[in-house]
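Letters A, B, ... are given to chains in the order of the sequence lines, protein chains preceding strands, and every chain is numbered from 1. All figures in this text were calculated on a predicted structure; none of them were measured in a lab. Side chains are part of it too, since the values below use all heavy atoms of this structure and drop only hydrogens, waters and symmetry mates.
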Amino acid sequence: MRLTIPEEEIMQPGHLACQGCGATLAMRYVLKGLGRKTILSIPACCCTVIDGPFPYSAYGVPIWHTAFETAASAAAGIKAGLEVLGDSETTVLAWAGDGGTFDIGIQALSGAAERGDEILYVCYDNEAYMNTGIQRSSATPLGAWTTTTPVGHPKDRPKKDMIAIMAAHRISYCATASVGYPEDLIKKVKKAKESKGTKFIHILAPCPTGWKARPDDTVKLARLAVETKVFPLYEVENGEVWRITKKSKGTPVIEYLKLQRRFKHLKEEDIKQMQNNVEEEYEKLLKKCENA
Amino acid sequence: MRLTIPEEEIMQPGHLACQGCGATLAMRYVLKGLGRKTILSIPACCCTVIDGPFPYSAYGVPIWHTAFETAASAAAGIKAGLEVLGDSETTVLAWAGDGGTFDIGIQALSGAAERGDEILYVCYDNEAYMNTGIQRSSATPLGAWTTTTPVGHPKDRPKKDMIAIMAAHRISYCATASVGYPEDLIKKVKKAKESKGTKFIHILAPCPTGWKARPDDTVKLARLAVETKVFPLYEVENGEVWRITKKSKGTPVIEYLKLQRRFKHLKEEDIKQMQNNVEEEYEKLLKKCENA
Amino acid sequence: MIEVRLHGRGGQGSVVASKMLASALLKEGKWAQSFPEFGVERRGQPVTAFLRIDTKPIGAHYKIYKPDHVVILDPTLLGQVNVTDGLKKEGWIIVNSERAPDEIDIKGDFKIATVDATGIAIKYGIGSKAAPIVNTAIIGALVKTTGCVGIKSVLQTIREESPSKPEENAMAAKEAYEKTRTT
Amino acid sequence: MIEVRLHGRGGQGSVVASKMLASALLKEGKWAQSFPEFGVERRGQPVTAFLRIDTKPIGAHYKIYKPDHVVILDPTLLGQVNVTDGLKKEGWIIVNSERAPDEIDIKGDFKIATVDATGIAIKYGIGSKAAPIVNTAIIGALVKTTGCVGIKSVLQTIREESPSKPEENAMAAKEAYEKTRTT
Amino acid sequence: MPKAKKIVWKGVDDMPEMAVSLSSMRVNKTASWRNLKPVIDYDKCKPCGICWKFCPEPAILLKEDGSPVIDYDYCKGCGICAEECPRNAITMHREER
Amino acid sequence: MPKAKKIVWKGVDDMPEMAVSLSSMRVNKTASWRNLKPVIDYDKCKPCGICWKFCPEPAILLKEDGSPVIDYDYCKGCGICAEECPRNAITMHREER
Amino acid sequence: MRKLMMGNHALSYGAKLSRVQVIAAYPITPQTQVVELLSEMCANGELDAKFVKVESEHSALAASIGASAAGTRAFTATSSQGLALMHEMIHWAVGARTPVVLGNINRAMAPPWSIWTEQNDSLSQRDTGIMQVYCESNQEVQDTVIQSYKVAEKVLLPCMLVLDAFYLSHTYEPVDIPEQKLVDKYLPKFNPPYKLDPDDVHAFGGLTDAKWYYELRYKIESAIERARGEWRKADDEFGEIFGRKYGLVEDYKCEDADIMLVTSGTITGTARVTVDMLRDEGKKIGILKIRVFRPFPTDEVRDILGGAKKVACIDRNISFGQSGVFFEEIKSALYNSSHRPQIWGYIAGLGGRDVTPDTIREIVKRTEESDKPQELIWIGLKK
Amino acid sequence: MRKLMMGNHALSYGAKLSRVQVIAAYPITPQTQVVELLSEMCANGELDAKFVKVESEHSALAASIGASAAGTRAFTATSSQGLALMHEMIHWAVGARTPVVLGNINRAMAPPWSIWTEQNDSLSQRDTGIMQVYCESNQEVQDTVIQSYKVAEKVLLPCMLVLDAFYLSHTYEPVDIPEQKLVDKYLPKFNPPYKLDPDDVHAFGGLTDAKWYYELRYKIESAIERARGEWRKADDEFGEIFGRKYGLVEDYKCEDADIMLVTSGTITGTARVTVDMLRDEGKKIGILKIRVFRPFPTDEVRDILGGAKKVACIDRNISFGQSGVFFEEIKSALYNSSHRPQIWGYIAGLGGRDVTPDTIREIVKRTEESDKPQELIWIGLKK
Ligand SMILES: Cc1ncc(C[n+]2csc(CCOP(=O)(O)OP(=O)(O)O)c2C)c(N)n1
Ligand SMILES: Cc1ncc(C[n+]2csc(CCOP(=O)(O)OP(=O)(O)O)c2C)c(N)n1
Ligand code: SF4
Ligand code: SF4
Ligand code: SF4
Ligand code: SF4
Ligand code: SF4
Ligand code: SF4
Ligand SMILES: [Mg+2]
Ligand SMILES: [Mg+2]
């Protein structure tokens, strides 16, 4: 048997993630991709808690727990320190949730990207503020229930297009990834590690608790999101060269939605609309990829 | 004689701008475009000071002076208040400099855009922190001197592409404008006023003090920036439809640079490089415009 | 003052159970205070909830260390968590279990009651078969054993406050009330 | 303690003038404190700068209300700003002007000196013709009239601290020193 | 147009509760900032409004007939009008005093 | 692999000056979270490593021969391994007590 | 109507009863149920308000202030890190004189991360000028929201209402919900002297140099001093209409007390129970509960503690390099007073360390046994 | 070498002499010359440090803290709004025990906008645990940066060094620049007990519940108390090497004084001049200058003020709804002291209102003439 992802486990069991947590899978894969010469900057998010309480830790690499809005700026500071000390080898990994990236942390990230700080920024996206109990973020998809977009008034704004925003910053490398495709994910992590300046990876990490899904469906959901074109896998170099890394099959969106009770209230026409949106967006993405 | 811009002066003289200030021209034009039913939200910037000290004011419409990072969020709050009070007519205008927009205010702006708050956001861009005495911002162009990018080490990062970032937010309307072209500027302001949700206009406003230029060259510089393709005039609808509103002549970049001592240190090859960059960027822009 | 501690797992509704009991007490003109374990709750993780009952307003705000009674929503917790910690002498320990009280492997100076809340919940279709929600059923058992509140107000509360299937939940509580076995 | 106030326009370098004077004083083993008007400075706007001179360290930190001397870098300010405000009796008022001291339209109990600092600055090519920078020249006049510091240390300071054209600036100061006219 | 009266308070009791403006900056005659003075040569001027359009104060008014008048109370002397006038009808002169 | 010793302090003087971790979360046996238990039918298993790959704890180890072993000290019983196993070699069972 | 609710719901009901018009808030543990319930209420029409779902607390308060400036009643709520992130804007709300009401759930500051109760977050705002009121029950929380708007809009200053994480925020207690029409009678519409209005042009907050800035600060100080009287009045009137009142401080059995405890927040209720027990044991103990902390109730503190022999101040907070904040403030208040009891300073309950009747007993005991005041006694420290 | 420099340059030279390794700062009036000069120094190689040109003060401090955690000496500087925006991160630096040094130029808080001096910005941070030192001359500014690193790195706490806007920041004064090798002798390399290092894996600041959070806070308090002694030691050693020392407080002619003034910042120098004049007039006046404010120098304050009959505290700040902060703190410090002089509280100089010898004279006069202390006397208010 040939393993398709690195065998060494950097992240340790005993952590505090819910049963079937996708974020944890993302962390496990990214650390496999980067290796032990990695320092984490983690703002408030589920992964803060998952790592475990003082004086214990699960991730197996040094962690700087930092304020919610400072994943990127703390990482930039750490990197500056390492540079002065002559360490050019260690990857400084800013690791934040969608809330910490799309919302409260976007300014620090944008600033780092503009300065070209040498950091890898990974956003694991579970599409809401999960650590605080499932409130909407700007990554929450249109139509989804959260506690602040209650049934009757589900989210009425589309998901922020974070990759487009980061591509507009013209950083050397950005990519999407999904915990349903660990090989693709780890390849991107390695590519990002080799790239200069600020790099950005956006990982879809299903959250059974927040999506009101079964814990055993996590990986399936992460795959379905890609297959249905809801969350295509692609990468962008220097803000210009767009490339699909995994073709989406075109599985109907309903297959993805029906496993999640956060979409339970959607009516047939809503789902139709969603299917249309997804197709349209995918077309646009393909167009961008033409120049690749 | 037919006036090409509205005659009524909303902004009053007696204000505290430097001789030949481009920001002031921008304010004069934008207010002409919007009319008196306007409320300004102004964060820290030159325009804070220009308006005059308590208990006086120059702009002729209500002004909410607000913290540096809050142009958009304060505007969103004001708008929410007006909505609850049944006023749908008044435009809430968030008015910020490049520092207040590209750097410290980008998060609040990004948040408002995502929520679709009904505000018009205008960034007058003088390409540095002028109010505090000419420090680099992420709008400062590559190669420019500022007090924090001193001669010998001028700015080594390109100007952040703010319109691309806002277009990636898919707001209904964004545009660039220049105080060298008041008619075009005012047309865009009116178009933005008619558009839904968050609108963004990025105005180049030369600053003789910070650019180390002659005060009487302000308008000329604003025109040259466009003619040389350094600052093309265009608009973007819904993040998708890109349209040039004023063709750039292709005047050599040097014509623009030589009037500004902030570029004095540039060598011939730097300028050549800059000319190339400008052409390249303009090509890319034209390509985006093909779909219009 | 009576103090109760409830043991369950994240996602099983122990807090809701304690809150419904408090609501029912309010209906009877009594005073109650209900609170969760203060912390992070994860699906699957053992968690606790608390309830104070009194005939006058409750001003004190501190944790419960010596409960009068303990309720266990998930029998698999028994060997994993020290459920009898601080339990007062002669207090009730109420377990969701198919077994008879004397088959429960806990020793100490307290009284044991059991009820097959899981079975009852499944019977009334509360939650899924893989993850039945037993919090309303277990309430019935607590009412039966301790008498701290009347079954009538409990049933009424359940009907009013259940987020779904109010009638089924009430029936589950009632059945548990009736089927509770004590030592 | 001697206190001096300088009047100029934003961008004309009044603060630099006062700072260079202070530096020169330091060279002579004296103590000095130099500070701008506390506020926003705009190109074109009338502004002021201040200088304190003493033979011992200066600990006090408050504004100057009653200067011993006043220096005016831009003659167009004369009618626009109350330049003699608080000026002490018998103090010097030093004006950048082509005119003779008695042609200067200020009345009061103080002494007037003039020097054509603009002309001198243009002669030495300091600043542009439209906006000559007169701050070094005017220093020469202050030194000449008040003698608060020696011309040698002033010239040395100018050579050391001028951001550009050090020699020309020094020569301008020297020429102004020589050409200052007094009542 | 907002009133442009000078606000004179004796002390704290005369003031509003918070920092709200009560008058226009027109009270501030920025003539004192000017060292160069624009002068219009009306012989050359064929009113086009361009000087008016580009004055950042604004310190140029348009008469009924469209011809420009400089408001020397506010003109700061930036020179833009002179620079932009297509007919070179405006020249800048050093302020005299 | 970081040490996984339980940290026991009597009081403030035993502790480090700031909140630095000194041991691994391996001390925390998450077996107590499990209500469903995965069981591998080694007859069905033709080792492919997929269950190992997708376990979020991770609580599956691979033996020398590539066959998976569940570490029941840490398995939380999420069921992903059972769901993902291409040979249906893993089944979930209610925990008994 | 009496309803069982958690403190976060009481806060939300208070806002609803006050007919807030704009809400701008951001979720944070242990405040989340506030944003959740208010979202729900706005969504289903129960509350006719606009909820701006901002991307950070800094924006939350900036937007609330903007809404207030536009002339609407604005509300926000947060905790710990979120409150700290609002710090600049708290100063803003004060200087701008916008009577926003802010609910803060007391939670310990990171790092290390903690979600448990402690007062350092709110007390770190003591120098901003925002009014501060500490509540000890969910009933008080709900009622205080309504009172806060009453006072805040009278004196044009923001008000922060504070409740302990979990001990109130997540604890279900019976709360009497008053009738809306009575609340409407008590709390008139918000009608500020100036607001953002294109028909009445003003600039707000423009550059102010040394000429008048000082006087504007004096006005803030005068307003917050006036607020002392306004709190008394608002509380009295509340008592008349709703039958409940709270005072700026509460004197519990201080009259004949040998030792007076100074408390705030939920420690008060626990202390009350303990004092009852101690009195049964023959010990004369009383409690001064500080409810309104800004403006500081100097007169009340002098009145009540002036009669004490010994005072034991319990601080669930610490100003590092100084002492507990309540301890510092009451010493300062009593300094120039005619009667000056001895005062002991106890630190207790930081980061959610439970404060039980035993904790209170220990504090009483140590105060009894000591005859020279100590300034920084850490109660329950693991040694 | 003696050089004429503005306070902002003195701050920068202090950082340079301390061989800071990472700088992360954001411009704000009246601090800009600090970022400008340090940018220049980094660009031309005079200073071997990395300057992270962040996009806000929040990020400035976050990055500085990160750099400190990585084991490097980090520096930042700001003022007013910028400091307020850092508030959450100031708490962070304290909790994380990262000895960042922060220069703050005291400037009044908006709104209304002001750029002039006032201490409300820095004093609003008094409950965060950051050490605070108030300087009165540019020489002291430069020297204090070096001392700050010495102490901060000893006790693992951040330190804020404070100077008045314009009165120091923009005022050129002679400053003696010490030789680098002497500074290197005084200030060893930064060597924290734990740092971010992939070869020595630790998580920093993870979730800490009620079990140990309290003890960690106790450690912070212990550290800042230890800092009192460390400041004394660092100052003595500095005096030995460089011939200048400042004390935690300075006693100016207090020995026989009838009235002691309490001052901080540049008001001290002006007061000193005034006291000399008053002494010439036969009045026995002294000054207690507070230099180190956090940790609060309780012993020194008791020692010196304990001998006073009357004390007049001058506050260029106000804690609204309470009083001047220094006033409050010295009352608190003296409360449990054996000798308790009468103390008057004066508010002066807010928002850059000039404090002149006449102001000081008026304060002395009013204190002389009054026999009952007043708590909130606004000096120079336009009535
Ligand atoms: C300044 C601040 N505001 C709010 C919070 C509360 N908070 C902690 S985690 C979190 C949600 C994080 O969401 P996300 O980044 O999506 O990560 P997730 O929890 O979903 O994994 C929030 C709102 C905080 N810690 N700090
Ligand atoms: C939180 C905060 N940080 C810094 C400042 C200082 N500051 C005021 S205006 C300004 C620069 C503004 O730059 P920009 O937005 O480009 O406007 P400009 O002055 O160039 O017109 C800065 C840094 C502030 N007021 N608040
Ligand atoms: S809430 Fe979701 S993201 Fe957070 S630990 Fe649980 S499953 Fe993972
Ligand atoms: S510095 Fe520049 S932008 Fe600011 S007022 Fe002067 S000219 Fe205008
Ligand atoms: S010189 Fe400048 S300010 Fe004066 S009128 Fe002409 S454009 Fe206007
Ligand atoms: S620009 Fe010249 S021609 Fe046109 S109106 Fe002005 S002065 Fe006349
Ligand atoms: S059930 Fe879940 S936790 Fe257990 S081994 Fe399988 S995948 Fe891992
Ligand atoms: S996934 Fe199934 S077949 Fe593959 S190794 Fe695991 S148990 Fe065996
Ligand atoms: Mg999330
Ligand atoms: Mg700018």
Side-chain angles (χ1 to χ4, degrees), chain A residues 1-29 31-32 36 50-65 179-183 185-186 205-208 214-223 259, chain F residues 1-9 14-16 18-31 33-36 38 46-68 71 73-85 90 92:
Chain A
M1 186 185 74
R2 214 179 49 82
L3 293 181
T4 54
I5 64 173
E7 182 165 15
E8 194 189 14
E9 300 294 359
I10 298 179
M11 189 183 84
Q12 300 297 306
H15 60 68
L16 299 184
C18 305
Q19 299 165 331
C21 171
T24 318
L25 272 177
M27 177 67 86
R28 182 171 168 238
Y29 299 145
L31 291 179
K32 277 176 186 279
R36 295 196 178 272
I50 293 171
D51 183 54
F54 167 72
Y56 301 100
S57 173
Y59 297 146
V61 295
I63 301 166
W64 187 248
H65 286 289
V179 296
Y181 299 88
E183 293 82 2
L185 190 160
I186 289 172
C207 163
R214 293 168 50 116
D216 53 351
D217 277 345
T218 295
V219 173
K220 198 194 287 177
L221 280 167
R223 249 189 333 256
L259 298 180
Chain F
M1 191 167 55
K3 285 158 286 166
K5 61 170 196 305
K6 262 248 183 284
I7 305 286
V8 185
W9 297 319
D14 302 344
M15 303 168 64
M18 67 277 274
V20 289
S21 69
L22 299 174
S23 183
S24 159
M25 277 300 281
R26 283 186 162 276
V27 298
N28 184 44
K29 304 282 168 69
T30 46
W33 297 35
R34 189 173 61 232
N35 39 13
L36 295 174
K46 285 248 174 83
C48 67
I50 286 180
C51 52
W52 166 81
K53 189 166 73 178
F54 287 118
C55 174
E57 300 312 316
I60 302 184
L61 309 169
L62 294 179
K63 284 198 282 197
E64 281 289 295
D65 67 352
S67 69
D71 184 343
D73 277 353
Y74 298 107
C75 166
K76 286 180 188 150
C78 67
I80 289 178
C81 52
E83 181 68 31
E84 294 298 321
C85 171
I90 308 180
M92 303 301 290

Problem - Neighbour count >12 (heavy atoms, 6.0 Å) for atom CZ, A:R223 - result: yes
Problem - Chi angles and distances behind the side-chain contact (heavy atoms from CB on, under 4.5 Å) call for A:Q19, F:K76 - result: CA-CA 6 Å; A:Q19 299 165 331; F:K76 286 180 188 150; 3.9 Å; yes
Exercise for the section: Check whether A:Y29 gets within reach of chain F through its side chain, its backbone, both or neither, counting any heavy atom under 4.5 Å. Expected result: side chain
Completion exercise
From the list A:D217, A:T218, A:V219, side-chain contact (heavy atoms from CB on, under 4.5 Å) partner of F:E83 resolves to A:D217
Practice task
Check whether F:M15 gets within reach of chain A through its side chain, its backbone, both or neither, counting any heavy atom under 4.5 Å.
Solution key: side chain
Problem - A:I5 portion near chain F, given a 4.5 angstrom heavy-atom threshold - result: both
Problem - Best-contacting candidate, A:A58, A:A17, A:C21, against chain F by heavy atom pairs under 4.5 angstrom - result: A:A17
Exercise for the section: Quick one: which of F:C81, F:P16, F:G79, F:S21 has the most heavy-atom pairs under 4.5 Å with chain A, could you say? Expected result: F:S21
Practice task
Select one option (side chain, backbone, both, neither) describing which atoms of A:P208 are under 4.5 Å from chain F's heavy atoms.
Solution key: neither
Handout entry: Proximity breakdown for A:L16 and chain F, heavy-atom pairs closer than 4.5 Å
Key = both
Problem - Residue, of F:I7, F:T30, F:L36, that accumulates the most heavy atom pairs under 4.5 Å with chain A - result: F:I7
Practice task
Search all heavy atoms of A:Y56 against all heavy atoms of F:S24 and return the closest pair with its distance.
Solution key: CD2-O, 3.6 Å
Problem - Close side-chain approach of F:M25 and A:P13, heavy atoms under 4.5 Å - result: no
Fill in the blank from the handout: If you tally heavy-atom pairs under 4.5 Å between each of F:W52, F:W33, F:Y74 and chain A, the highest tally belongs to F:W52
Practice task
Pick one of side chain, backbone, both or neither for A:P6, based on which atoms fall under 4.5 Å of a heavy atom in chain F.
Solution key: backbone
Practice task
Check each atom of F:V27 against the heavy atoms of chain A and say whether the ones under 4.5 Å are side chain, backbone, both or neither.
Solution key: side chain
Completion exercise
Under 4.5 Å to a heavy atom of chain A? For F:K29 that would be neither
Exercise for the section: Determine the minimum heavy-atom distance between A:E7 and F:L62, stating which atoms define it. Expected result: OE2-CB, 4.5 Å
Practice task
Starting from the C-alpha separation in whole Å, work towards a yes-or-no answer on side-chain contact (heavy atoms from CB on, under 4.5 Å) for F:E84 and A:K220.
Solution key: CA-CA 8 Å; F:E84 294 298 321; A:K220 198 194 287 177; 4.3 Å; yes
Handout entry: Beyond-backbone contact of F:P56 with A:R28, side-chain heavy atoms, under 4.5 angstrom
Key = no
Exercise for the section: Examine whether an atom of A:K32 lies under 4.5 Å from a heavy atom of chain F, and if so say whether it belongs to the side chain, the backbone or both; otherwise answer neither. Expected result: side chain
